[in-house]
Amino acid sequence: MRLSQMLFVTLREDPAEAEIPSHKLLLRAGYIRRIGSGIYAYLPLMWRVLKKVSQIVREEMDATGAQECLLPQLQPADLWRESGRWDTYTQAEGIMFAMKDRQQREVGLGPTHEEVITTIAKDMIRSYRQLPVHLYQIQTKFRDEIRPRFGLMRGREFIMKDGYSFHTSEESLKKTYQDMAQAYSNMLRRSGLEFRAVDADSGAIGGSGSQEFMVLAEAGEDEVLYTEDGQYAANVEKAVSMPADAQASPFASFEKRETPGTETIAKLCKFLKCSPTQVVKNVLYQAVYDNGMTVLVLVSIRGDQDVNQVKLLNELTKLAGNYQAKTVLFLTVPDAEAQRKWAAKSLPLGYMAPDVADDYIAGSKEVNSKFLRLVDRTAVDLTNFVTGSNESGYHVVGANWGKEFPLPATVVGVRTAKKGDRAVHNPEQTLQTARGIEVGHIFQLGTKYSQAMGATYTSEQGEEMPFIMGCYGVGVSRLAQSAVEQSYDKDGIIWPVAIAPYHAIISIPNISDAQQVEVAEKLYNELNQSGIETLLDDRDERAGVKFKDADLIGIPYRIVPGRSVKLGKVEVVERATHKAHEILIEEVNSTLKQWIDAAIK
């Protein structure tokens, strides 16, 4: 492609809308153009990158025996109601674009396709002899993000590979799951990315085991905790660890003390001259279930620990049946406005005890009249601890479970693991932290969707059995941008060779120089014919402008037919290192081929 004929416009200044380097660079370099909030056009350079990423994904998926298909983006609400996720996706998470057609039938634009694929399996797979089956697609997906950010990282429309497998046994599912773990590692390695596979929470998709594939980058929205021995890595939402040992309490007897202005743990410990490991803090949450029931949740946890809301949400979802519900729609720390809707009297916030009375709740049909009391494992074994007194400005010291306070019946593990904690698998290992961008996620779904939707097959014994399912997703457009976030410098993008839009760019310093143009044209034709994808910058621009644009768009190799053409040579500059080589014109093709082959192996 000749740059003079391409839709190619670069910007010298960072766009005001862009927040992270990759977003800024993709806009500045003319790869994408913003059309609306979270909606971007993929321009010619970007589309070439996306096609290369898609091809790598396709090759790795096909190598496992998965079959490619294409599923509808528009999905009937009835399918999602069958699985029980319509309310979750349209109200709780609120990420599905939902609408009504002219017959007033509710439909949604698919953020994912479990319901559609399960319906297909239900209709088409009758016997165990047809299993296992693994189908995948590369498709545009939609999410109604509250705050679209970071370009293609958190957009409202994006390209994704999602796959779904159907099995007769857990063993068969686990084999495909392991095959996908290897395939995903291959995809990221072939794309030239540094990544880490981590244990993850299954979230709204559900199921048992799940694993995320994180591209390591400082701007990553996710925190990854891992050990140096390589034996453990997990998203912070899922990570477990051993907290620091609690210190012995200095308080030998129970008493109530005035503690003015100590509504935070830090202020309290400074006032009482004690360790936060000796404190039981009591955190209030408000959960709204899918049947409209509001439940007030009091979590007692050690003072130096924080509640992990994802873990808490999972625990509350397990208890949904106690409230004649299926799932939690919302989980929040209730602000003053929320409290006004259910509080019978003003709560002693910052000074609550584990036994704060239920009469603070004005019960109704919509609000459960009793606190759901949970205690994290970190607080269970504390003795002579400090906690609230249920009176503003006062705490109690020297308290004990089973004496001054009843131990809550439900013990949970909802603490947030953090850097420096000891690893569960080896206490000599401590957790380290890194930032990551989630580009892939694989799930062992089990029978969650097949049971809910009545999707069964006939077993070898003639029984009707629910399919055992797996789900596997890769963000194609997200992966492409994460490559930029991982690899750039002050001059622009540094694409990995395997997914760069072109392998090389020929920048003619002076298009008025007939010899430079002749050499450039010869190399342009020769390289493209031999399979080295090459751009020709034949624009009537200054050499400096061309070199800046070549660096900005990040093409791996820049060929400059400058003054050295009189000596039968051209300059070849490696984008990643800025290292320049003078190479004989007749050796450019073979040299580049050797470099490219080495880079994409």
Side-chain angles (χ1 to χ4, degrees), residues 242-287 295-309 311-312 315-316 331-336 339 343-361 370-416 418 421:
M242 296 171 62
D245 292 332
Q247 296 183 24
S249 173
F251 307 108
S253 59
F254 179 78
E255 63 176 297
K256 182 177 178 180
R257 292 193 183 181
E258 187 174 5
T259 52
T262 58
E263 64 281 355
T264 68
I265 295 295
K267 290 178 180 178
L268 175 65
C269 291
K270 184 177 180 181
F271 186 88
L272 292 176
K273 297 181 174 57
C274 68
S275 164
T277 66
Q278 300 153 358
V279 178
V280 172
K281 66 179 176 182
N282 306 288
V283 190
L284 183 64
Y285 289 90
Q286 176 176 312
V295 176
L296 285 307
V297 185
L298 192 67
V299 182
S300 297
I301 190 169
R302 203 170 81 183
D304 63 325
Q305 302 299 316
D306 294 314
V307 175
N308 182 318
Q309 285 200 210
K311 293 181 181 178
L312 177 58
E315 294 293 340
L316 295 175
L331 177 63
T332 58
V333 174
D335 57 18
Q339 290 173 43
K345 53 186 176 179
S346 181
L347 281 160
L349 297 176
Y351 298 90
M352 287 190 298
D355 66 347
V356 62
D358 291 331
D359 62 13
Y360 280 95
I361 305 171
K370 293 185 178 181
F371 286 108
L372 171 61
R373 301 171 196 277
L374 308 175
V375 60
D376 184 74
R377 295 188 189 101
T378 55
V380 170
D381 295 325
L382 293 184
T383 58
N384 295 322
F385 54 78
V386 177
T387 194
S389 68
N390 293 326
E391 182 180 349
S392 294
Y394 291 86
H395 283 83
V396 296
V397 301
N400 288 278
W401 299 115
K403 189 175 180 183
E404 286 79 22
F405 298 104
L407 181 71
T410 306
V411 178
V412 293
V414 293
R415 63 176 287 272
T416 300
K418 56 182 183 289
D421 286 348

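FYI, the numbering just counts along the sequence from 1. A quick note: this is a predicted structure, and the numbers were derived from the prediction, not measured.
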Minimum heavy-atom distance Asp358-Phe371, with the two atoms named: OD1-N, 3.0 Å

Test log, rule side-chain contact (heavy atoms from CB on, under 4.5 Å), inputs Phe271 and Arg257: CA-CA 11 Å; Phe271 186 88; Arg257 292 193 183 181; over 6 Å; no

Exercise: identify the closest heavy-atom pair between Gln247 and Thr277: N-OG1, 2.9 Å

Side chain to side chain contact (heavy atoms under 4.5 Å, CB included), paired with Val375, selected from Leu407, Ile301, Leu298, Val414: Leu407

Check: Gln278 side chain, Ala248 main-chain N or O, donor-acceptor pair, under 3.5 Å: yes

Lys311 side-chain N/O to Gly413 backbone N/O, donor-acceptor pair under 3.5 Å: no

4.5 Å side-chain heavy-atom contact, Leu296 and Gln286: yes

Minimal non-hydrogen separation, Leu382 against Val279, with atom names: CD1-O, 3.9 Å

Candidate pair Leu374 and Leu312, rule side-chain contact (heavy atoms from CB on, under 4.5 Å), full reasoning: CA-CA 10 Å; Leu374 308 175; Leu312 177 58; 3.8 Å; yes

Side chain proximity check, Phe385 to Arg302, heavy atoms < 4.5 angstrom: no

Contacts of type side chain to side chain contact (heavy atoms under 4.5 Å, CB included), residue Asn400, not counting sequence neighbours: Thr383, Asn384, Lys403, Glu404

Parallel, tilted or perpendicular: rings of Phe405 and Phe254 (30°, 60°): perpendicular

Residues that Pro276 engages under side chain to side chain contact (heavy atoms under 4.5 Å, CB included), provided they are two or more places apart: Ile265, Cys269, Asp304

Backbone of Pro334 reached by a side-chain donor or acceptor of Gln339 within 3.5 Å: yes

Pair Val295-Leu316, side-chain contact (heavy atoms from CB on, under 4.5 Å): steps then yes or no: CA-CA 10 Å; Val295 176; Leu316 295 175; over 6 Å; no

Thr416 side chain vs Asn308 backbone, donor-acceptor pair below 3.5 Å: yes

Arg373 to Pro408 - nearest heavy-atom pair and separation: O-CB, 3.7 Å

Which residues share a ring pair (Phe, Tyr, Trp, His ring centres under 6.0 Å) with Tyr394, sequence neighbours left out: none

Cationic N near anionic O, under 4.0 Å, Asp376 to Lys281: no

Asp335 atom CG, neighbour heavy-atom count above 12 within 6.0 Å: yes

Nearest non-hydrogen partners of Thr259 and Thr262, listed with the distance: O-OG1, 2.5 Å

Over 12 non-hydrogen atoms of neighbours within 6.0 angstrom of NZ in Lys256: yes

Contact check, side chains of His395 and Tyr351, non-hydrogen atoms, under 4.5 Å: yes

Exercise: identify the closest heavy-atom pair between Met242 and Asp421: O-CB, 3.7 Å

Trace of the side-chain contact (heavy atoms from CB on, under 4.5 Å) decision for Asn282 with Leu284: CA-CA 7 Å; Asn282 306 288; Leu284 183 64; over 6 Å; no

Ion pair check, Asp359 and Lys345, cut-off under 4.0 Å: yes

